[in-house]
Asks: 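I'd like to ask some things about the structure below.
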Protein chains: 2
Amino acid sequence: MPRRKAEAGLEPNRRAELLRAAARLFVEKGFDATTTRDIADAVGMRSGSPFYHFRSKQELLKTAMVEGLDAGYARLLAAIDGITDPEQRLRILVRTHLGTLLEGECHAPMLLGETRALDAAAHAEIAAAFDRYQMPWQTTLDELQHSGKLASAAAPVRLLLFGMLNGSKHWYRPDGKLSLDELADSAVALLLGESRTMVPATGTPKVPC
Amino acid sequence: MPRRKAEAGLEPNRRAELLRAAARLFVEKGFDATTTRDIADAVGMRSGSPFYHFRSKQELLKTAMVEGLDAGYARLLAAIDGITDPEQRLRILVRTHLGTLLEGECHAPMLLGETRALDAAAHAEIAAAFDRYQMPWQTTLDELQHSGKLASAAAPVRLLLFGMLNGSKHWYRPDGKLSLDELADSAVALLLGESRTMVPATGTPKVPC
DNA sequence: CCTACCGATCGGTAGG
DNA sequence: CCTACCGATCGGTAGG
């Protein structure tokens, strides 16, 4: 009786749907403001059913973060495959990261601020996923430093870079005048100090800083 | 009977205490996770009493943001008073901003993400306060562009800069090896492309990106 | 600014 | 995965 088994509720689709809906809602409204009922509604379940797939609301967030980061990591690796020039590779990393952040379905990197609600064990799992995600970045920054195009590849530089990129979630409008390619170029130019690059002007967004 | 009047509960101290406590708790735990009872407890009031001073929890957040930003703005103006060299002025703006953000009592700039919970009218008030705060920055960036030290002073550059600085709240540890002065120098060096500046290395923080 | 309280909501569970 | 439900909490208010 394969049919009964197929309807038994252990299909990975429903689980994945829950994760996608949860990630989207957590980004939109924040972890605390999103109710487990919101998440259930979004996938057409009843209020108690998400707890059949996940032990708690916290586990939903933790899993969305870890799996989202790993998916983003896979996308990074695919995008830079075979690129040997470190400057070109940085450009691709930045562009791919911004794509994931600003137009993709996976908003994991911008849920960082929501992990406040999680316990130490969850923090450790998420930190490990972040370490994986940062590996190609650190490699590329190191190469840029060795070739003299970057003054320093120390931790603060990488962290300032991520802050710069992730902060764009607060002000970037996909329907505005600035394209993702232009934004990526601006960020790379700022990091590498390319004083020749002119950044195109845009209208001032509503809440700028 | 001046005594009765002094005890009548309209002293601005209590109001200011509530705002300080609210801002601190909103930063620590987030707007939604902070209860009005938490705030009342923090200043030794009963659960219903904050509503004598503020109509709602939202108004508490809005007021903390606007008054915090204006206090930070006043601090910026005092710090750059009389500084004519734009590069030096930028350094002071960055250092003062980081001080406000990372060690001061006023964490207003980092409550940006919490304003999700507010309505359009509150957003407009906060946006106006941000515009005031950004004025000296834009002036300084424009001067740097005219003197050729900055490729562009367009909006995206300013926004990337703020993202870079504000993101440090997620990873900077005041008790770590990196001082605020060093962090400020790193950020300015990154923005101005000073390839001669070496950034000191630090241990990798727990949750880096 | 306190006391006393309410209506609504929320995360999570038992049992099927 | 649904039904039915609970215990706890929370923002806010009335009346003083």
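Labels below follow one simple rule: chain letters A, B, ... track the order of the sequence lines, proteins then strands, and each chain is numbered from 1.
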Asks: Donor-acceptor check, side chain of B:Thr35 to backbone of B:Asp38, threshold 3.5 angstrom: yes or no?
Replies: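 Between the backbone of B:Asp38 and the side chain of B:Thr35 there is a qualifying donor-acceptor contact (under 3.5 Å).
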Asks: Is a side-chain N or O of B:Thr100 found less than 3.5 angstrom from the main chain of B:Gly72, in a donor-acceptor match?
Replies: no
Asks: Verify whether one side chain among B:Thr139 and B:Asp142 offers a donor that lies under 3.5 Å from an acceptor in the other.
Replies: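 Looking only at side-chain atoms, B:Asp142 and B:Thr139 do not form any donor-acceptor pair under 3.5 Å.
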Asks: Mind telling me whether B:Tyr133 and B:Phe162 have parallel, tilted or perpendicular rings, with 30° and 60° as the class edges?
Replies: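 Taking B:Tyr133 first and then B:Phe162, their aromatic rings sit tilted (interplane angle of 30° to 60°).
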Asks: Quick one: does B:Ile92's side chain get under 4.5 Å of B:Leu76's, heavy atoms only?
Replies: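 Heavy-atom side-chain distance check fails, nothing below 4.5 Å.
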Asks: Classify every nucleotide of nucleotides 9-16 of chain D by which part a protein heavy atom approaches to under 4.0 Å, writing B for the base, S for the sugar-phosphate alone and - for neither, in 5'-to-3' order.
Replies: -BBBB---
Asks: What stems, by residue range, does DNA chain D take part in, given at least 3 consecutive Watson-Crick or G-U pairs under 3.5 Å?
Replies: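 The stems that DNA chain D takes part in, listed by first number, are C:1-16 with D:1-16.
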Asks: We want to know whether B:His170 and A:Asn166 form a side-chain donor-acceptor pair, criterion being a heavy-atom distance below 3.5 angstrom.
Replies: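 Short answer, no.
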Asks: Are B:Arg75 and B:Thr96 linked by a side-chain donor-acceptor pair shorter than 3.5 Å?
Replies: no
Asks: May I have the distance from A:Met45 (atom CE) to D:dC1 (atom C1'), rounded to whole angstrom?
Replies: 7 Å
Asks: What residues form a salt bridge (Lys or Arg N to Asp or Glu O under 4.0 Å) with A:Asp181, not counting sequence neighbours?
Replies: A:Arg95
